[in-house]
Peer 1: 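Take this structure, written in C-alpha cells, and hold onto it; I'll ask about it next.
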2 protein chains.
Amino acid sequence: MPYTKKHKENTRIKILESAFRLFTAKGFDGVTVNVIMNDCGLTRGAFYAHFTSKADLYAASLKFSASSSNLAKLKPVNISDKEWVSLLLDGYLSFEHVQGIQPCPLAFLATDINTRSEETKAVYAGVYHGMNKAMMEFTTSYVDCDEQDILSVTAMIIGAVAIARTMGNKNAVIKLLAACRREAGLKLGVI
Amino acid sequence: MPYTKKHKENTRIKILESAFRLFTAKGFDGVTVNVIMNDCGLTRGAFYAHFTSKADLYAASLKFSASSSNLAKLKPVNISDKEWVSLLLDGYLSFEHVQGIQPCPLAFLATDINTRSEETKAVYAGVYHGMNKAMMEFTTSYVDCDEQDILSVTAMIIGAVAIARTMGNKNAVIKLLAACRREAGLKLGVI
DNA sequence: GATTTAATATGATCTATATCATATATTAGA
DNA sequence: TCTAATATATGATATAGATCATATTAAATC
C-alpha cells in the first residue's frame, strides 16, 4: 500500500486551491493547466490523475470554494445576525477582496461563467442562491426587508467588486466601495 | 481609383459591429477572428487590412460602441431629464438587454476586461466614467442625490445585468431586474 | 472594354496548449 | 531493504487559431 490514503486527496485539494485562485484572477482562458499545476508544485502530467479535463477542474474548484464558504456555517456563535451582516459587508466591500484575497466567484467570474458548460453555470447559480438565502436569513431577525431588497443589495455589492477590479485607480476603488457600503448599510440596517 | 473611399470605412464599421456583438456575448477568447469576419460576410484574410490584431479590434469595438452610445446625445429633446432617467433604467434593466440587444459592455465584459491590455481597460474605464457622469447630470436637475448614490445605483444595475446573464431561469431574471428597477427608482426619484 | 489599384480570399506557417502514453519516483508494509 | 501499487514527471501528439504571404477579385477611370 504505497502512499497514505490522504496523499492523493491532499494533492487534489492543493490543485483545487491553486485553480480557484488562478481562475478567479484570470478567467478560464487566462490560465493553463500547466500554470495551475506548477502553482502547487506539480507538473501537468499529474493533472489527469485527478481531473478529467480543465473544464472539469474549473467546475470542481467552484464547488470547492462554495463548500468552504458557507456563510451560515462560518458565522461565529457569539455574535448577532446584525453584527455578522455588518462584518460580511465590510469584508465583501473591502480593498483586499478586490485584490483577490478570498475572492467571491460571483463577482470575479460574473462574465467568465457565460462561456462555460450548463453544469458549471448551475454551480455558479447555486452559489448565488446561497448568498441571497443566507443574507435573507440573517437580516430577517432584526430588520424589515423583503426579497427585493436583498436581491438589489447583492447585485450592488457583486457589481461593485466586479467593476472595482477593472479599475487602475485605488482611490476610485475606495470611493466606489464606500458608496456601496453606505447604501447596503442603509438598506440592511447596519450603518 | 478602385472602390469608393467609403467602401473600406463601411467594411470597417461592419467588422466593428460584428465584433462588438460577438465579444460582448462570448468574451475575447470565446470568439475567433474567423468567426467575426464570417459574421459580417468576409473571410479572415481581409481582417489585417483593417486592424493590426484581434486585441486591437477588441479595443476598437469598445471605443466604437462608446461613441455611438453617448447617453446625453441620445436623449430626445422633447423629454425631461427625469423621464430620460426613467427610460434609461427601464431599458438597462430589461430582459432584452440581458439577452444581448444593445449590450452594455460594462455589464457584459465586467470580468473579461481584466485580462486585456491597460489601454483597453482604460477605454472601459472611460465608458464607466461616462455612465456615471451622465447619470449625475440628468439627476441633479430634479432630485437630491450625491455622487455616492449614483455610484451605488450604477454598480447595482451593472451587477444585476451581469448576474442575470448567467441565469437559465427567465422568471428569476425578471424578478432580479424588477427588484433593482424598484430600488434604482427609489434612489433616483423615478418610480 | 482595358487598366490600375485597393479590397478581399486562399493557402501556409507558427505557436500555444490540452491531452495522452509511457517512464520514473515514492512510500507503506513485508 | 525489497516489493507492490500508486503518484508524478517526461516526452509526444494533435488541434485550434492568430497571423502572414501571395493570389484573386472588383470597381473607378480612361
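All figures in this text were calculated on a predicted structure; none of them were measured in a lab. Scope of the values below: all heavy atoms of this structure, side chains included, with no hydrogens, waters or symmetry mates. Below, chain A is the first sequence line, B the second, and so on; all start at residue 1.
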Peer 1: I want to check one thing: is the phosphate of D:dC20, taken as OP1 and OP2, less than 4.0 Å away from some side-chain N or O of B:Tyr48?
Peer 2: no

Peer 1: For A:Leu57 and C:dT17, give me the distance from atom CG to atom P, rounded to whole Å.
Peer 2: 16 Å

Peer 1: Provide, to the nearest angstrom, the distance between the CG atom belonging to B:Asn34 and the P atom belonging to D:dC20.
Peer 2: 15 Å

Peer 1: Looking at A:Arg182 and B:Asp149, is there a salt bridge between them, counting it only when a charged N and a carboxylate O are closer than 4.0 Å?
Peer 2: yes

Peer 1: Atom CZ of B:Phe51 and atom P of D:dC20: how far apart are they, to the nearest Å?
Peer 2: 15 Å

Peer 1: For a quick test of reading the model: is some side-chain N or O of B:Thr11 closer than 4.0 Å to OP1 or OP2 of C:dT8?
Peer 2: yes

Peer 1: Taking only Lys NZ, Arg NE, NH1 and NH2, and the carboxylate oxygens of Asp or Glu, determine whether A:Glu137 and A:Lys133 approach each other closer than 4.0 Å.
Peer 2: yes

Peer 1: Nearest whole angstrom, please: distance from the P of C:dA7 to the CD of B:Glu9.
Peer 2: 11 Å

Peer 1: Counting distance alone, no hydrogens or angles: does the base of C:dT19 have a donor or acceptor under 3.5 Å from a partner atom on the side chain of A:Arg44?
Peer 2: yes

Peer 1: Are any of the side-chain heavy atoms of B:Phe138 and B:Leu88 separated by less than 4.5 Å?
Peer 2: yes

Peer 1: Take atom NZ of A:Lys54 and atom C1' of C:dC20, then tell me their distance rounded to the nearest Å.
Peer 2: 17 Å

Peer 1: Touch check for A:Thr43, heavy atoms < 4.0 angstrom, all strands: base, sugar-phosphate only, or nothing?
Peer 2: base

Peer 1: Using a 4.0 Å heavy-atom cut-off, does B:Val35 contact any base of the nucleic acid, only the sugar-phosphate backbone, or nothing at all?
Peer 2: nothing

Peer 1: Just how far, in rounded Å, is P of D:dT8 from CZ of A:Phe47?
Peer 2: 13 Å

Peer 1: Ring-plane angle category for B:Phe28 and B:Tyr58, please: parallel below 30°, perpendicular beyond 60°, tilted otherwise.
Peer 2: perpendicular

Peer 1: Separation of B:His50 atom NE2 from C:dA7 atom P, in whole Å?
Peer 2: 7 Å

Peer 1: Is the distance from OP1 or OP2 of D:dA26 to the nearest side-chain N or O of B:His7 less than 4.0 Å?
Peer 2: no

Peer 1: Between C:dT24 atom P and A:Leu42 atom CG, what is the distance in whole Å?
Peer 2: 20 Å

Peer 1: Would you call the rings of A:Phe108 and A:His97 parallel, tilted or perpendicular, taking 30° and 60° as the class edges?
Peer 2: parallel

